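Note that ligands are numbered from 1 as they come in the structure, with each ligand's atoms numbered from 1 the same way. As the structure is a prediction and not an experimental result, all values here were calculated from the model.
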Amino acid sequence: MLPCCAVRTCHVLVLVLCLSAAEDFDWTKNDRGSFYYGTFPAGFSWGAGSSAYQTEGAWDQDGKGLSIWDVFSHRKGKILQNDTGDSSCQGYYKIKEDISLMKELKLDHYRFSISWPRIMPTGIKSDHVNEKGIKYYDELIDNLLENKITPIATLYHWDLPQVLQEKYGGWQNISMVNYFNEFANLCFERFGNRVKYWITLNNPWSVAVEGYETGEHAPGLKLRGTGAYRAAHHMIKAHAKVWHTYDTKWRGKQKGLVGISLSGDWGEPVDISNQKDIEAAERYVQFYIGWFATPIFHGDYPQVMKDFIGRKSAQQGLGTSRLPTFSSQEKSYVKGTCDFLGIGHFTTRYITQKNYQSGHGSSSYFTDRDLAELVDPRWPDPGSEWLYSVPWGFRRLLNFVKAQYRNPMIYVTENGVSEKIMCTELCDDWRIQYYKDYTNEMLKAIKDGVNVRGYTAWSLLDKFEWDEGYSERFGLYYVDFRNKNKPRYPKASVQYYKRIISSNGFPNQREVENWKRKATETCSSSNQLLAAEEQRSTAANILRLIHDPLTSHMEMVTEVVVPTVCTLCILLSAVFLMFLLRRHN
Ligand code: NOJ
């Protein structure tokens, strides 16, 4: 093992002191802590996921156009350590290798996204269609099918063609509806004979809020109080249009399904006996998943969003609400445009009521909600600072979806946990625990009657984690980003997830306990192999440093030196090697 260690950021937002007041809803009485042994319905689909910009690399190869993420990540200071997705996992060149990893896991499905600018470099069909890009997805889909893995294709996982951003302002502009529809139509035409599960948009909440409100994500706009609502409005219309295109032009022949993937945290009232907290928690979820799901299932925004944003806009002296409105024609066009609902879910918050005064310039999506988010400091948070492991929240969210949208067919399109560890660690027991507990809560939700048909672990590989660069690793497989070949290594969670899949659930206590033991046994030897490999490459880099101080210094800074922890190991090795060299000379 390398003498490296884990560095974690411990972020606790607020200490929650009134937990004793919180009690379970009816359908979860008895079980926050208990484990349910049993299996999933026959035919339940197990998978893992990825997205184009996060894994493909090859950002400027074979005729691909620029996306907003290519441009955003190249701007200094936007991404942690100025990382980019330029080469990422080199997934573009590793179709066969990655499918063998999926085979190892015995996945039923693989969720990936199609990069719009890879197949339409400017985003506009009449400009140019890039056949090389199409060929890549053809190969990926064919290889998946040859290996009996069902492809689930997302049409938009955040990589808008840059030209559309520059010319029209991206999702701020209604013209995106038609451009996106043309792109989707081309995908149906070229891949729809083989792809039967389509996801129009991935996590539009994030696109709207982080792309157009806070500016943490591409395109990096900070249009507080209006940008997110407008972007969301256009995305909802774009989704609906694509669903109608499939429904009228392709469904008859292709017999597939079109859904959307919405991400949302669960919001639990801090004080379950306080009506204000109960309402605030409901608002939290309505402003999250409800913002998109309510128009798609019921034809309009949640009443609570219309009320709150409308009232606050009026208080600001605005003539109309900052939340756009749907005409009655649009309402019926948007309503019912979902064959299945994709749910991405990672974490939970406690919610309490908090009033924000609306004044000029101070309004935002966040203040419109009139609430505060809290966390329990006892919740495990192994990775991303926002990601606390709260499995019971998953069951509650799934039941909320069942109740609000008349029990739609659900595919869990993202669920998983990251780690913030600077050095190699394949023995990810916290991820095992997370997957075990979250999938168990999903099983309980199915027993509650929620119509969940499949589950997608997020993610297959470590990858580019947006503004966090490569610092947060979500993968079942570890990727060595310092090595140009981007080799993959299985973490212990691969062994564990594989067992859940092959047993289609959790057969009995004895067996399930054995899984963890076995998974951790195998990982420690792989860990050692990888550590030895890393030691070799570190030594080679240090030798280069000694022979060519200037260029090697650059590499040390960008490639070798992992901030903070590993510095110590490297310095010690350097001293030792110099000592040896001196002796040899
Ligand atoms: C949701 C996004 O869709 C995905 O790309 C990202 O990796 C996860 N959140 C984790 O942050």
Side-chain angles (χ1 to χ4, degrees), residues 9 11 47-57 67-69 72-73 79-80 83-85 88-89 91 110-116 152-160 171 199-211 214 216-218 231-232 235 239 259-266 288-289 291-292 341-349 381-390 393-394 397 411-420 430-431 434-435 438 455-479 481 493:
T9 351
H11 286 261
S50 71
S51 83
Y53 188 71
Q54 291 181 280
T55 51
E56 282 176 6
S67 82
I68 53 173
W69 271 96
F72 187 72
S73 66
I79 311 292
L80 198 71
D83 284 337
T84 71
S88 188
C89 308
Y110 178 56
R111 179 184 175 218
F112 62 95
S113 79
I114 298 175
S115 158
W116 185 349
I152 299 188
T154 304
L155 292 166
Y156 185 75
H157 203 125
W158 306 358
D159 43 359
L160 189 80
W171 290 107
I199 291 168
T200 53
L201 305 170
N202 174 70
N203 193 352
W205 181 93
S206 207
V207 175
V209 173
E210 294 171 302
T214 67
E216 293 156 282
H217 281 187
M235 283 190 281
H239 157 82
I260 187 167
S261 174
L262 303 181
S263 293
D265 300 349
W266 174 243
Y288 224 131
I289 268 194
W291 183 4
F292 301 92
L341 178 61
I343 292 286
H345 174 74
F346 294 88
T347 193
T348 282
R349 292 287 181 271
D381 62 331
S384 315
E385 72 178 74
W386 52 271
L387 208 173
Y388 294 82
S389 172
V390 193
F394 192 21
L397 181 74
Y411 279 83
V412 174
T413 39
E414 286 185 19
N415 176 242
V417 68
S418 54
E419 72 242 19
K420 260 206 168 127
W430 63 90
R431 184 171 287 105
Y434 182 99
Y435 277 130
Y438 270 75
Y455 174 85
T456 313
W458 192 262
S459 47
L460 181 71
L461 306 175
D462 290 338
K463 58 189 169 4
F464 179 81
E465 187 50 38
W466 309 114
D467 51 322
E468 300 296 339
Y470 295 97
S471 68
E472 294 179 8
R473 294 172 173 271
F474 275 85
L476 289 157
Y477 285 89
Y478 175 91
V479 177
F481 293 109
S493 49

Students often mix this up, so state it plainly: with edges at 30° and 60°, are the rings of Tyr438 and Tyr434 parallel, tilted or perpendicular?
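Tyr438 vs Tyr434 ring planes: parallel.
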Parallel, tilted or perpendicular: rings of Trp466 and Trp158 (30°, 60°):
tilted
For the ring pair Tyr156 and Trp171, is the centre-to-centre distance below 6.0 Å?
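Close enough - the centres of the two rings lie under 6.0 Å apart.
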Tyr288 ring center within less than 6.0 Å of Trp205 ring center:
yes
Would the distance check show the side chain of Ser384 and the main-chain N or O of Trp386 forming a donor-acceptor pair, the cut-off being under 3.5 Å?
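Here the side-chain-to-backbone pair does not exist.
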So if I only count non-hydrogen atoms and take anything under 4.0 Å from ligand 1, which residues does that give, chain by chain?
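Contacts of ligand 1 under 4.0 Å: Gln54, His157, Trp158, Asn202, Asn203, Phe346, Trp386, Glu414, Trp458, Lys463, Glu465, Trp466, Phe474.
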Would you name the heavy atoms of Thr413 and Gly344 that are closest together and state the gap between them?
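That closest heavy-atom pairing would be OG1-N, 3.6 Å.
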